[in-house]
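Data first, discussion second: the structure below is written as structure tokens.
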Amino acid sequence: MSTPSPHRKGPDPDQFDPDRFDLDQARRRAKELLAAVRAGDAASTKRLVRPHDPARLSDAQHAVAVEYGFADWPAVVRATERFDEIDADAVDWDRVTEVTIVCFPSTGQVSLLRDGDRWVCPHDRRGDGEDVWDDSILRIGLQRMGFRRQGTHVSAIDRTGRHIVFWIDGAPYTGLRPHRDDAQIWTASADEAAELLRAQGDHALAGLVERAAEQQRTMTYEQHQRDLTRTLTGVYLRAETLPGGSGFGGTEQDWHDAREVLTAALEGLPDDLDRPDAPVSFLDLGCANGHLAASFVPWGAARSVTVEPYGVDLSPELVDRARTLHPQWADRFWVGDASTWRHPEGKRFDLVHLLLDVFPEECRGAAIDHGLSLVTPGGRLLVSHYDNRPEHSAEVIVRGLGHEPAGRTPVRVRRGNGRPYGTPSVWLRA
């Protein structure tokens, strides 16, 4: 899609310097104007463009905005609002009332949303009773733009501490959760997106996009994993269904339709191991509440394969939940990083499942190599990427990293809307 033409509101972007504009001074000027109007000053009253009776602060703000050369007061704020970087642990979450999200469908690429005559990032007020991190980010991304978050990262906060900005990586959503499916979206590099935003007068948002892109570029693996754990733990623990506690939005039947296809990787596996009658050990790296590992037992039995389930997750709370839900396998769930974990006694596994969604793009090659090192000779590494875009499928990623898939899973379509459950997973032979 070519670069859209910006709709300009406000001063000439080539002449306007937002860093030299004092927004607090403009706010004071509006309050002083309102006070003069209410005191009966005729000259001040004439400055109001379309006053209410009695006059409101918004009337004075609009007048001040026009005097500065802006179309309205929101245009002033969009051009000049100041934000500072902040660590998630330093945020006073009870104070936050407003949320903006910078969406990255891939590294360095930003998606903007058409909103009337402007291009914007998803933005909304915090809902009543919402946890900003667990609830607001997910809702705003889905309902404003039809974008499902994966990684979630605090980027900046305004000087009042009420307006917080996140950047998220994820993908367009096609599932059954409430979401917008008619949004007009433009995706480009962060630099191109910032240029467009400045041209339409959104200087503050342009700066936030650039800041988020730099944060994405420089984020360490440790920061990524810390934020991922924070993102997933609360949501999964509060889920009301077993699939929900494993990050899946849908019924148990939807779960079966979407994930049972992964057992295609079991086909012929006992014979490949030269153990035709022995159980197959299955390790789920990033197991959450253990539901996928547990589901492989009956699904494997339907294929006449006895499966012994195991799981690893970075979140101690989710591992505790897995052990509680599956007490018969409590000693088979461990806390660990999927990119480095090894069995305490050096055990390897016949089938290992690796989900690429939880890794930064630059770490996926190392994660695959480590996953292969956990597989028994003759076994398989099953690689998934729960993304509906064919160019982001597990097969495309795996081939791009120099591996040749030995097989791929089928894809089923949703009973509700006929759309596919993501793209095929693939497996590699150890």
Side-chain angles (χ1 to χ4, degrees), residues 9-10 23-24 26-27 30-31 52 56-62 65 70-86 88 90-104 110-149 151-168 170 173 177-185 193 197 200-209 211-212 227 230-231 234-235 238 249:
K9 286 186 177 181
L23 181 58
D24 290 335
R27 287 177 170 137
K31 291 177 181 179
H52 293 83
R56 303 174 183 174
L57 178 60
S58 59
D59 301 327
Q61 289 174 333
H62 184 81
F70 291 89
D72 50 35
W73 183 257
V76 175
V77 177
R78 292 197 303 270
T80 63
E81 192 173 11
R82 302 289 182 85
F83 292 85
D84 298 308
E85 288 191 24
I86 191 169
V91 176
D92 181 354
W93 294 102
D94 291 336
R95 187 175 176 80
V96 173
T97 60
E98 201 172 345
V99 180
T100 293
I101 309 172
V102 181
C103 298
F104 290 92
V110 174
S111 289
L112 298 180
L113 166 69
R114 186 74 172 182
D115 183 18
D117 56 11
R118 298 170 50 238
W119 292 91
V120 301
C121 290
H123 167 269
D124 202 357
R125 302 281 295 179
R126 176 185 190 174
D128 290 342
E130 283 187 340
D131 179 281
V132 176
W133 195 300
D134 290 347
D135 305 318
S136 302
I137 302 302
L138 182 61
R139 173 184 61 81
I140 293 170
L142 288 174
Q143 294 186 3
R144 296 291 179 182
M145 194 170 177
F147 193 89
R148 173 67 185 273
R149 63 114 176 251
T152 303
H153 315 279
V154 169
S155 181
I157 197 163
D158 79 326
R159 301 285 172 88
T160 71
R162 299 184 183 279
H163 184 182
I164 193 165
V165 182
F166 288 81
W167 67 267
I168 63 174
Y173 183 67
R177 296 175 187 265
H179 70 284
R180 183 177 179 182
D181 60 6
D182 63 349
Q184 184 179 352
I185 297 173
L197 292 168
Q200 68 183 21
D202 288 302
H203 297 266
L205 188 54
L208 291 172
V209 166
R211 186 197 302 264
D227 287 351
R230 180 166 185 161
T231 298
V235 175
R238 290 190 299 154

Using every non-hydrogen atom in the two residues, find where Gln200 and Arg118 come nearest and quote the distance to one decimal.
OE1-CA, 3.8 Å
At their closest point, which heavy atom of Val110 faces which heavy atom of Val102, and how far apart are they?
CG1-CG1, 4.2 Å
Ignoring hydrogens, what is the shortest heavy-atom contact between Arg211 and Asp84? Give both atom names and the distance.
NH1-C, 4.1 Å
Counting C-beta onward and ignoring hydrogens, is there a side-chain heavy-atom pair between Val154 and Trp133 closer than 4.5 Å?
yes
Looking at Asp182, I want to see if its CG is surrounded by more than 12 non-hydrogen atoms of other residues, nucleotides or ligands under 6.0 Å.
yes
Side chains of Ile168 and Cys103, heavy atoms from C-beta outward: is any pair under 4.5 Å?
yes
Kindly indicate whether the side chain of Leu205, heavy atoms from C-beta on, has any atom under 4.5 Å from the side chain of Phe83.
no
Given side chains that start at C-beta, do those of Thr80 and His203 come closer than 4.5 Å, heavy atoms only?
no
Would you say that Ile185 contacts Phe147 through its side chain, given a criterion of any heavy-atom pair below 4.5 Å between the two side chains?
no
Taking salt bridge (Lys or Arg N to Asp or Glu O under 4.0 Å) as the test, write out the residues that go with Arg139, two or more places apart.
Asp124, Glu130
Taking all non-hydrogen atoms of both residues into account, name the closest pair between Arg27 and Trp73 and its distance.
CG-CZ2, 3.7 Å
Residue pair Trp119 / Leu197: nearest heavy atoms and the distance that separates them:
O-CD2, 3.2 Å
Between Asp59 (side chain) and His52 (backbone), is there a donor-acceptor pair under 3.5 Å?
yes
Quick check for you: to the nearest 0.5 Å, what is the distance between Gln61 atom CD and Lys31 atom NZ?
8.5 Å
Could you tell me which non-hydrogen atom of Arg126 sits nearest to which non-hydrogen atom of Asp131, and how far apart they are?
NH2-CA, 4.5 Å
Which distance, rounded to the nearest 0.5 Å, do you find between the CG of Asp158 and the CD1 of Ile86?
10.0 Å
Is any side-chain heavy atom of Glu98 less than 4.5 Å from a side-chain heavy atom of Thr100?
no
Side-chain (Arg180) to main-chain (Arg144) donor-acceptor, under 3.5 angstrom:
yes
Sole residue of Ile140, Leu142, Asp135 in side-chain contact (heavy atoms from CB on, under 4.5 Å) with Leu138:
Leu142
